[in-house]
Amino acid sequence: MKIKRRTPANAVSDGGKLVNTRTVVPPEIAHIVTPAPARGLLVVGRERRADGPGYVNGPDDDGTRLRLGDVFDRMESDAIRHDVPFFLTPGQVSAGRRFRDTVEGYSAGLSPKSALASMQPHSGGGSGTMSAMDWHLMAGRRYDGAVNAIGHGVSLAVRRVRPSTRGGPDRRSITDRALVDAVALHDLPLEAVLVSHGWAKNGVSTAALKKALSAALERLRDVL
């Protein structure tokens, strides 16, 4: 078998292709945004409605608001690229992002300075703002409700899978909480979750995590 030797020119060419795939700017704003490898994935800031078709943004949105893409965007892009249905619904994706915001907000609220900076406008009457203590209590209730909704189940247990699909000797069970945290908080794709728990990357294990993540995020929809 003839092996093609990688020359410096080939290496640069291959690296350039990799950079290009990671810096694609959405076509609708390509005329105003320049690709930048360090910036990561850009997404036009139109989020799908959780309760049906259409988008959250109103009719006056010109479609040029941007946000950095997250793991949910990347997983959906992979599904589109492979011409397969995305395994999460828009409502489940929104629940995952709300969980991330809830955890980050609650963690910030643990610091008195951060809590004061994170005070939210009150939805009712009164002075229009809530105290840092009220905000922290509210954030804590949301956090506790989200954690309870995720539960203590196991997404992928060692004993439930054939040895040939398990991976290395250091593999360990993946709990629902660990799965949701890895994806929603740490921005990890499912394959990375498998590897970090010592599992082999294969279709069977990935399918199990997809099913478990979908179910966990569906439970979160009821409390966030």
Side-chain angles (χ1 to χ4, degrees), residues 45 47-52 56 67-76 86-160 171-190 192-199 205-206 208-224:
E47 186 172 350
R48 293 178 180 176
R49 297 184 63 89
D51 55 354
V56 174
R67 62 176 174 81
L68 288 177
D70 57 19
V71 67
F72 296 107
D73 295 308
R74 295 194 297 273
M75 290 191 297
E76 184 173 14
F86 187 35
F87 69 97
L88 296 176
T89 67
Q92 291 166 356
V93 170
S94 294
R97 288 173 175 151
R98 289 197 299 273
F99 176 69
R100 176 190 62 206
D101 295 341
T102 296
V103 174
E104 291 178 350
Y106 182 55
S107 299
L110 295 176
S111 164
K113 182 177 179 180
S114 297
L116 288 171
S118 304
M119 285 191 298
Q120 301 294 319
H122 208 290
S123 58
S127 62
T129 60
M130 65 173 65
S131 68
M133 180 61 72
D134 289 339
W135 182 90
H136 182 63
L137 291 174
M138 180 191 71
R141 286 193 293 269
R142 283 177 62 87
Y143 174 80
D144 290 341
V147 170
N148 290 334
I150 295 171
H152 303 285
V154 177
S155 300
L156 195 60
V158 172
R159 63 182 180 276
R160 297 178 184 174
R171 65 187 180 277
R172 58 191 187 279
S173 295
I174 304 175
T175 64
D176 292 346
R177 175 66 191 279
L179 174 61
V180 174
D181 281 1
V183 175
L185 302 185
H186 303 298
D187 212 41
L188 295 180
L190 299 181
V193 179
L194 288 171
V195 171
S196 67
H197 285 76
W199 290 80
S205 298
T206 301
L209 291 192
K210 286 181 177 180
K211 182 178 179 180
L213 181 62
S214 176
L217 294 180
E218 187 64 30
R219 295 193 297 273
L220 279 176
R221 291 186 61 186
D222 296 332
V223 298
L224 293 178

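For the single chain, residues carry numbers from 1 onward in sequence order.
When every heavy atom of Leu217 is checked against every heavy atom of Gly96, the shortest pair comes out as CD2-CA, 3.8 Å. Heavy-atom minimum distance, Phe86 versus Phe72: CZ-O, 3.9 Å. Residue Leu224 comes nearest to Arg142 through the heavy atom pair CD2-NH2, 3.7 Å, listed as atom of the first residue, atom of the second, then distance. Annotation for Arg221 and Gln92: closest pair CD-N, 3.9 Å, computed over non-hydrogen atoms. Closest of all the heavy-atom pairs between Val154 and Ser173 is CG1-CB, 4.0 Å. A pairwise comparison of heavy atoms in Ala178 and His197 identifies CB-NE2, 4.1 Å as the closest pair.
Here Tyr106 contributes atom OH and Asp144 contributes atom CG; the two are 6.0 Å apart, rounded to the nearest 0.5 Å. Atom CG of residue Asp181 and atom CG of residue Leu188 lie 10.5 Å apart, to the nearest 0.5 angstrom. Note that the CD1 atom of Ile174 and the OG atom of Ser196 stand 6.5 Å from one another [nearest 0.5 Å]. Distance check: Leu209 CG to Leu156 CG gives 5.5 Å after rounding to the nearest 0.5 Å. The line from CG of Leu179 to CG of Leu213 is 5.0 Å long, rounded to the nearest 0.5 Å. In this structure, the separation between OG1 on Thr102 and CE on Met138 is 9.0 Å, given to the nearest 0.5 Å.
A donor-acceptor contact shorter than 3.5 Å links the side chain of Asp73 to the backbone of Asp70. A donor-acceptor contact shorter than 3.5 Å is absent between the side chain of Ser214 and the backbone of Lys210.
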Q) Yes or no on side-chain contact (heavy atoms from CB on, under 4.5 Å) for His152 and Thr175, after CA distance, side-chain angles and deciding distance? A) CA-CA 7 Å; His152 303 285; Thr175 64; over 6 Å; no
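Under the 4.5 Å side-chain criterion, counting only non-hydrogen atoms from C-beta, Phe99 is in contact with Leu185. Between Glu76 and Val93 there is no side-chain heavy-atom pair separated by less than 4.5 Å.
A salt bridge links Asp187 with Arg74: the distance from a Lys NZ or Arg NE/NH1/NH2 to an Asp or Glu carboxylate oxygen falls below 4.0 Å.
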